[in-house]
Amino acid sequence: MTNTLNGNSLINGEWVPGSEGEIKALNPATEEHLEPVFSLIGADQLDAAAQAAHEAFPGYSATDPTERADFLDLIVANLEDRREAIVDRAKQETGLTEARLNGELSRTSNQLRLFATVVRSGSFHRVRIDPALPEREPAPRADIRQRMVPLGPVAVFGASNFPLAFSTAGGDTASALAAGCPVLFKAHNAHPGTAELVAQAIHEAITELGLPAGTFSLVYGPGAKIGQRLVADPRITAVGFTGSRSGGLAIARTAFERARPIPVYAEMSSINPVVVLPGALESASDLAEGFVGSVTGSSGQLCTVPGLIFVPEGPEGDKFVSRTVELVDAAVGQTMLTPSIAKSWAEGVEHMSAQSGVQIVARGQDGQGSNAPGPVLFETNAETLLVNAELQKEIFGAASLIVRYREPAQLQEAVAKVEGQLTVTVHATEADHDDVAALVPRLENLAGRILYGGWPTGVEVGHAMVHGGPFPATSDSRTTSVGTLAIERFLRPVAYQDFPQDLLPAPATDANPWDVSQSIDGK
Ligand code: NAP
C-alpha cells in the first residue's frame, strides 16, 4: 500500500507530472502551505486521460456484476487501509474536524458498498421484455427487450465542502463506476492531497483486478481551463458536479454548446427553507437549539444548511427568536474550508445586511485561527421577502435569515415565491395539519426532499433518498446525487428487437444467468 503523496495526476494508470504550473494545498486554520507541490496538467495530458477513459469504456462496461461489485468493495478495503492518512491530510487541507472526516469517510465507504449491492442485484438493468405475439391481429408483435446501458466516460468535479463523500470516490464517482462508466475526476484544488490518497486506493483496486487502466483518472488543473476543456471533450458523455451556481452554470453551458451536447448533473445552491407553524412553537422545547445546531455545524458549509426559516409573528414566535439569538450570540465560529470561501461568506453577509428591511439580530464570536467567522442571524418579514429576490441568495456558511409571517395565507404566498431547493422542512403539530396539507403541493414543487420535523443537514444514503431538486438547487431536477437512484443518471435505455438469444446481453436473455429481475409484458 502506498500512502505518500507524489503530487502528480493519474492518467492511464500512471502517475504523471503536469506541465502547466503547480499549486500547494493551504491549511485554512493556519494559512500555511502544505507539502508537496501538485503539478497541473496541460491540454495534451488531458487529451491522454480522455483517450484512456474512452479506451477503457468497452472493457469496463462489459464487466459482469461480480467483477464490478468486487471492484467497488476493493476500493472500500483500500480506503479503509488508508483511513488514518486520509483523515489526517483532509483535516489539514479543510479545517474540518477529525470526527466529521471519519464520519464522512465511513459514509463514502458505505456508499460504495451500497452500489456494490446494487450491481450484484442487477436491478439497475431494468430489463423489460415484451415477448413476440406472432398471431396478433391485425399485425404480429416483434420480441422487444429493453435494458439500461452505460453512457460512457463521465467527468466528475469534486466539492470543496465534502472532500470525501462528494469528491474523488464520492457519490458521483461511485454511481458512475457502478453504472459501468469510466470516471475522469477533476480534483478540487483546495484538497489535492486528500484527492491523491483516495485515487491511490482506486488505482490499486484497478491494478489488482486487471481492469482497464483508464477506468479511473485523476487530474489537477484550474476549472476555468482544464475543467472547461474536460467538459468540452467529445469523449466525455456526462458530467457530475457539486459546487457554486456560477461554476455549475458555466459547465452546463459548455456541455450544451458542444457539437454533441451531454447531460450535466450539477448540484449548486440551496437555502433549504424551514417552515415553522404555530403548533410547533407551543409543543417543541428544543426547536431553537436544533435550528442553531443545524446552521452552525461544519461552519454551515453544507448544501442542506437551513438558510431561511419562516416563523409566525406573535409572542411564541418572539420567544423562539429570542432563544435563537441567545444561542447564535454564544456560538463560536469554526474554520471555513478556504480563505476564498470565508471571504465570499463575509461578502454575502455584508450584501444581506445592506438589504432594506433586513437586520442582523445575532452574531457569534470569531473562532481561533484564521477564517473562522462567528455565525450570523438576520431577521426580516414576509412582505420584504416577497419583493426582494436578493434575500434568497445563498450565503455559503453559518448564516440564516428569520422571516416572520402574519398568517397561513401569507406563508403560502411567500413559500410560492421561493426558488428551487434541495430540501424544505416543516415543523408542525396535528393542530396545524390543515395548513400543512394546503402547503404540500407547493413544497413538492419547491424541493427534492420534504421533511416533517427534524433538520435537513445529514443526508441518509439509501434507496429512497432524493438529494436533488428544481433549479438552482440542481441543473436537472429529475434525479438525485445521493442514494442508489443516482446510478440512473449515467444509464440510457436500449431496446433489442427480434434479437437471437445468443446475441442478446446476458440480463435480457431467457436464461437470465445473472438472475436479474425482468418485467415480462409489464409484470
Ligand atoms: P466552485 O468554485 O464552483 O468549484 C467547484 C469545482 O468546479 C472546482 O473544481 C472548480 O475548479 C470547478 N470550476 C469552478 N468554476 C468552473 C468553471 N467555470 N468551469 C469549469 N470548472 C469550474 O465551488 P467551491 O470552490 O466548492 O466553492 C465556491 C463557492 O461555491 C462557495 O463559496 C459557495 O458559495 C458555493 N458552494 C456551494 C455548495 C453547495 O452545496 N450549495 C457547495 C460548495 C460550494 P477550480 O477551483 O480550479 O476553479
Side-chain angles (χ1 to χ4, degrees), residues 18 20-23 25-26 28 38 40-41 46 93-94 96 155-163 165-168 170-172 184-192 194-195 218-233 236 239-255 257 264-272 298-307 336-349 351 371 373 392-399 419-423 448 456-457 459 467-469 471-475 481-482:
E20 296 266 321
E22 48 192 43
I23 53 158
L26 183 83
F38 287 81
L40 308 178
I41 62 159
L46 183 67
E93 290 185 333
T94 63
L96 296 170
V156 175
F157 289 75
S160 57
N161 57 339
F162 277 89
F166 283 80
S167 283
T168 321
D172 286 341
L184 212 165
F185 182 79
K186 154 59 186 113
H188 198 292
N189 293 332
H191 44 78
T194 309
L218 163 77
V219 296
Y220 296 99
K225 200 165 157 200
I226 284 302
Q228 282 292 324
R229 205 177 172 99
L230 174 58
V231 175
D233 190 289
I236 295 299
V239 181
F241 168 93
T242 308
S244 65
R245 186 163 169 173
S246 57
L249 284 177
I251 284 171
R253 262 194 303 274
T254 301
E257 283 166 7
V264 172
Y265 300 104
E267 191 213 306
M268 299 171 291
S269 76
S270 183
I271 54 170
N272 307 293
S298 294
S299 273
Q301 300 166 117
L302 301 174
C303 35
T304 50
V305 79
M336 296 192 78
L337 294 157
T338 65
S340 75
I341 287 179
K343 184 167 168 266
S344 6
W345 178 87
E347 286 164 1
V349 167
H351 182 69
N371 304 306
Q392 295 191 38
K393 273 206 176 142
E394 179 186 49
I395 303 176
F396 186 67
E419 56 183 9
Q421 304 291 335
L422 293 171
T423 72
T457 38
V459 184
H467 189 65
F471 182 84
T474 75
S475 57
S481 62
V482 174

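Read the numbers this way: they start at 1 and go in the same order the structure lists the ligands and their atoms.
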OG/S160 to CZ/F166 distance, rounded to the nearest 0.5 angstrom?
-> 11.5 Å
Would you please test F185 and S167 for side chain to side chain contact (heavy atoms under 4.5 Å, CB included) and show each step?
-> CA-CA 8 Å; F185 182 79; S167 283; 4.2 Å; yes
Going by heavy-atom distance to atom 37 (C) of ligand 1, choose the closest among S270, A473, S340, G243.
-> G243
Please state which protein non-hydrogen atom is closest to atom 34 (O) of ligand 1 and give its distance, to 0.1 Å?
-> F396 CB, 3.4 Å
Applying side chain to side chain contact (heavy atoms under 4.5 Å, CB included), run through N161 and T94 and close with a yes or a no.
-> CA-CA 8 Å; N161 57 339; T94 63; over 6 Å; no
Taking only heavy atoms of S344, which atoms of ligand 1 are found under 4.0 Å from at least one of them?
-> 32 (O)
Look at atom 28 (C) of ligand 1 and find which of I395, I341, V239, V305 reaches it with the closest heavy atom.
-> I341
What do you reckon, does G248 put a non-hydrogen atom under 4.0 Å from ligand 1?
-> no
Please lay out, stage by stage, how I395 and W345 fare under the test side chain to side chain contact (heavy atoms under 4.5 Å, CB included).
-> CA-CA 6 Å; I395 303 176; W345 178 87; 3.7 Å; yes
Return yes when F162 approaches ligand 1 closer than 4.0 angstrom through a heavy atom, no otherwise.
-> no
Ligand 1 to S269 polar contact by distance, N or O atoms, under 3.5 Å = no
Subset of ligand 1 atoms that lie under 4.0 Å from at least one heavy atom of G221 | 47 (O)
Would you check whether E267 reaches within less than 4.0 Å of ligand 1, judged by its heavy atoms?
-> yes
Has ligand 1 got any nitrogen or oxygen that is less than 3.5 angstrom from a nitrogen or oxygen of T242?
-> no
Just need the protein heavy atom nearest to atom 39 (C) of ligand 1, so name the residue and atom and give the distance.
-> M268 O, 3.1 Å
Stepwise side chain to side chain contact (heavy atoms under 4.5 Å, CB included) check, F471 with M268 | CA-CA 8 Å; F471 182 84; M268 299 171 291; 3.8 Å; yes
Give the residue, atom name and distance (to 0.1 Å) of the protein heavy atom nearest atom 10 (C) of ligand 1.
-> K186 NZ, 4.1 Å
Any atoms of ligand 1 less than 4.0 Å from a non-hydrogen atom of N161? List them with their elements.
-> 40 (O), 42 (C), 43 (C)
Where do A266 and G248 come nearest, in terms of heavy atoms and distance?
-> CB-CA, 4.2 Å
Please could you name the atoms of ligand 1 that Q228 approaches to less than 4.0 Å, counting only its heavy atoms?
-> 17 (C), 18 (N), 19 (N), 20 (C)
If you scan protein heavy atoms around atom 40 (O) of ligand 1, the nearest is C303 CB, 2.8 Å
Note: I251, heavy atoms under 4.0 Å from ligand 1, region reported as side chain
Is the shortest distance from a Lys or Arg side-chain nitrogen in E20 or R229 to a carboxylate oxygen in the other one below 4.0 Å?
-> no
If we ignore angles and hydrogens, is there a donor and acceptor under 3.5 Å between the side chains of T474 and E267?
-> no
Among protein heavy atoms, which lies nearest atom 7 (O) of ligand 1, and at what distance?
-> F241 CE1, 3.2 Å
Could you list which atoms of ligand 1 come closer than 4.0 Å to a heavy atom of N189?
-> 47 (O)
Starting at OH of Y220, measure out to CG of N189 and round the result to the nearest 0.5 Å.
-> 9.0 Å
What do you reckon, does E394 have a nitrogen or oxygen under 3.5 Å from a nitrogen or oxygen of ligand 1?
-> yes
When rounded to the nearest 0.5 Å, the distance separating OG1 of T194 from CD of E93 is 3.5 Å
Under 4.0 angstrom from ligand 1, any heavy atom of P222?
-> yes
Just wondering, do S481 and D172 contact through their side chains at under 4.5 Å, heavy atoms?
-> yes
Who's the nearest protein heavy-atom neighbour of atom 4 (O) of ligand 1, and how far?
-> H188 NE2, 3.9 Å
Among S160, G227, G247, S244, which residue places a heavy atom closest to atom 2 (O) of ligand 1?
-> S244
L218 side, atom CG; T168 side, atom OG1 - distance, nearest 0.5 Å | 6.5 Å
Give the residue, atom name and distance (to 0.1 Å) of the protein heavy atom nearest atom 20 (C) of ligand 1.
-> G223 O, 3.0 Å
Have T423 and N272 got a donor and an acceptor in their side chains that come within less than 3.5 Å?
-> yes
When every non-hydrogen atom of M336 is compared with those of I341, the smallest separation belongs to CE-CG2, 3.9 Å
Could you tell me the residue and atom name of the protein heavy atom closest to atom 18 (N) of ligand 1, and the distance to it rounded to 0.1 Å?
-> A250 CB, 3.3 Å
